[in-house]
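Residue numbers count from 1 along this sequence.
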Amino acid sequence: MKELDAKHNEQFLKSIIRGAFLGGGSLNNPNNKYHLEMLFSTKINASYITNLLNEFSIQTKTLERKSSYSVYIKEAEEISKFLALLGANKSVLNFEEIRVVRDTRNNINRLVNCETANLNKTINAAVIQIDAIKYLKSKKKFDELNENLKEVAELRIKNPDASLVELGNMLKEPIGKSGVNHRLKKICQIAEEIKLSSK
């Protein structure tokens with residue numbers, strides 16, 4: 001009997017939440033942004049719904065406006081739980097489908113941006129390295145470099161777009177990324193020292 005009463009009580013509470021949403025709620029197009037909101041005329045009602053949702057482990061935030069109180073959710077996971085609580089199963093499936101597509105798109109964009117940033121970093125570093133090598137050649141100082149530095153310098157000139165790993169593999173005796181980076185930094189350092197000494 002107690003279980004039955006508890007079940008009826010739960011259904012009653014869900015009905016109150018459902019009514020509050022139908023009466024003053026809205027859900028943004030999840031393709032644009034995640035935002036579910038319910039408006040209330042009094043703080044008491046807003047707090048009551050907030051507490052009810054907390055009992056169902058749904059986290060909300062409250063915002064006081066000029067003539068109303070907004071109880072809102074911006075987290076996709078919480079919105080999905082809210083829709084499931086209302087029994088809007090079809091809406092949950094549609095929401096989750098959009099969410100998966102959107103999150104996948106965001107992850108791809110993040111990866112592309114990261115790759116672009118890394119590429120820009122590689123290109124900028126290569127430009128500095130090539131400028132240093134050309135400067136040493138213009139000052140007739142290039143031949144003073146040891147063979148290891150000269151070899152990596154010539155490869156950098158011929159392969160401006162190559163990564164450090166690729167340059168390392170092109171050497172007569174291949175070395176790792178850190179080894180190539182060390183040699184190119186040394187070249188830039190030597191060029192900088194000559195520039196400073198000539199001022």
Side-chain angles (χ1 to χ4, degrees), residues 27-37 57-61 63 70 72-84 91-199:
L27 174 62
N28 274 55
N29 182 347
N31 281 308
N32 300 324
K33 66 177 180 177
Y34 301 131
H35 186 85
L36 184 147
E37 181 177 37
S57 300
I58 296 174
Q59 302 303 311
T60 63
K61 292 181 180 177
L63 177 68
S70 167
Y72 65 94
I73 307 171
K74 286 184 176 291
E75 291 74 30
E77 183 74 28
E78 299 301 305
I79 291 174
S80 187
K81 282 160 61 178
F82 181 90
L83 294 174
S91 295
V92 172
L93 291 174
N94 289 337
F95 181 83
E96 285 299 323
E97 185 178 342
I98 291 170
R99 181 184 169 193
V100 168
V101 171
R102 184 178 165 185
D103 288 352
T104 302
R105 190 185 301 125
N106 288 341
N107 286 334
I108 291 171
N109 286 339
R110 252 193 307 275
L111 286 172
V112 169
N113 290 338
C114 186
E115 287 295 325
T116 301
N118 287 337
L119 182 60
N120 287 337
K121 190 177 176 183
T122 299
I123 291 170
N124 291 337
V127 168
I128 292 169
Q129 294 155 6
I130 290 169
D131 284 346
I133 295 163
K134 287 181 176 178
Y135 177 79
L136 290 174
K137 288 190 173 187
S138 71
K139 294 296 181 180
K140 312 296 184 190
K141 296 289 185 179
F142 184 78
D143 289 334
E144 294 179 13
L145 298 176
N146 66 43
E147 290 305 314
N148 285 340
L149 295 184
K150 279 197 279 189
E151 184 187 8
V152 79
E154 292 291 5
L155 284 172
R156 171 49 85 204
I157 291 285
K158 291 174 186 174
N159 304 277
D161 298 329
S163 67
L164 297 181
V165 173
E166 290 168 337
L167 287 177
N169 291 331
M170 293 177 195
L171 295 168
K172 290 174 186 174
E173 294 183 15
I175 59 174
K177 178 180 176 181
S178 60
V180 174
N181 188 46
H182 175 74
R183 292 184 187 183
L184 289 170
K185 275 189 174 180
K186 184 67 177 174
I187 291 168
C188 291
Q189 184 185 338
I190 292 170
E192 195 60 33
E193 287 171 357
I194 292 172
K195 284 180 186 177
L196 290 172
S197 64
S198 63
K199 282 185 180 179

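- Within the 3.5 Å criterion, the main-chain N or O of R156 finds no donor-acceptor partner in the side chain of Q129.
- The existence of a salt bridge linking K137 and E154 is confirmed by a sub-4.0 Å separation between a basic side-chain nitrogen and an acidic carboxylate oxygen.
- The minimum heavy-atom distance between R102 and N32, with the atom names listed, is NH2-O, 3.6 Å.
- The heavy-atom pair separating Q59 from E78 by the smallest distance is N-OE1, 2.8 Å.
- In this structure, CG in D131 is found 13.0 Å from CD1 in I187, a value given to the nearest 0.5 Å.
- The minimum heavy-atom distance linking I98 with P30 is given by the pair CD1-CG, 3.7 Å.
- Around the CD atom of E173, the shell of radius 6.0 Å holds no more than 12 heavy atoms that belong to other residues, nucleotides or ligands.
- The minimum heavy-atom distance between A191 and Y135, with the atom names listed, is O-CE2, 3.7 Å.
- A donor-acceptor contact shorter than 3.5 Å links the side chain of N159 to the backbone of L155.
- No side-chain donor-acceptor contact under 3.5 Å links S80 to the backbone of E77.
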Does K74 form a side-chain contact (heavy atoms from CB on, under 4.5 Å) with Y34? I'd like the steps, not just the answer. CA-CA 5 Å; K74 286 184 176 291; Y34 301 131; 5.6 Å; no
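- No side-chain heavy atom of K186 sits under 4.5 Å from any side-chain heavy atom of N146.
- Listed by chain and number, the residues in a salt bridge (charged side-chain N to carboxylate O under 4.0 Å, His left out) with E75 amount to none (sequence neighbours excluded).
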Below 3.5 Å, can you tabulate the donor-acceptor pairs from side chains in residues 160-167 to any protein atom, sequence neighbours excluded?
from, atom 1, to, atom 2, distance (Å)
S163, OG, E166, N, 3.2
S163, OG, E166, OE1, 3.4
E166, OE1, S163, N, 2.8

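- Taking every heavy atom of both residues into account, V152 and L149 meet most closely at CG1-O, 3.3 Å.
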Between R110 and N113, is a side chain to side chain donor-acceptor pair (under 3.5 Å) present by the stated rule, with each step listed? CA-CA 5 Å; R110 252 193 307 275; N113 290 338; over 6 Å; no
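- Residues N148 and I175 have side chains not in contact (no heavy-atom distance under 4.5 Å, counting atoms from C-beta outward).
- Heavy-atom neighbours of H182 NE2 from other residues, nucleotides or ligands within 6.0 Å: at or below the threshold of 12.
- Closest approach of K150 to L145, counting heavy atoms only: CE-O, 3.3 Å.
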List the steps, then state whether side-chain contact (heavy atoms from CB on, under 4.5 Å) holds for E37 with N28. CA-CA 9 Å; E37 181 177 37; N28 274 55; over 6 Å; no
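- Formation of a donor-acceptor pair under 3.5 Å by the K81 side chain with backbone atoms of S57 is found in this model.
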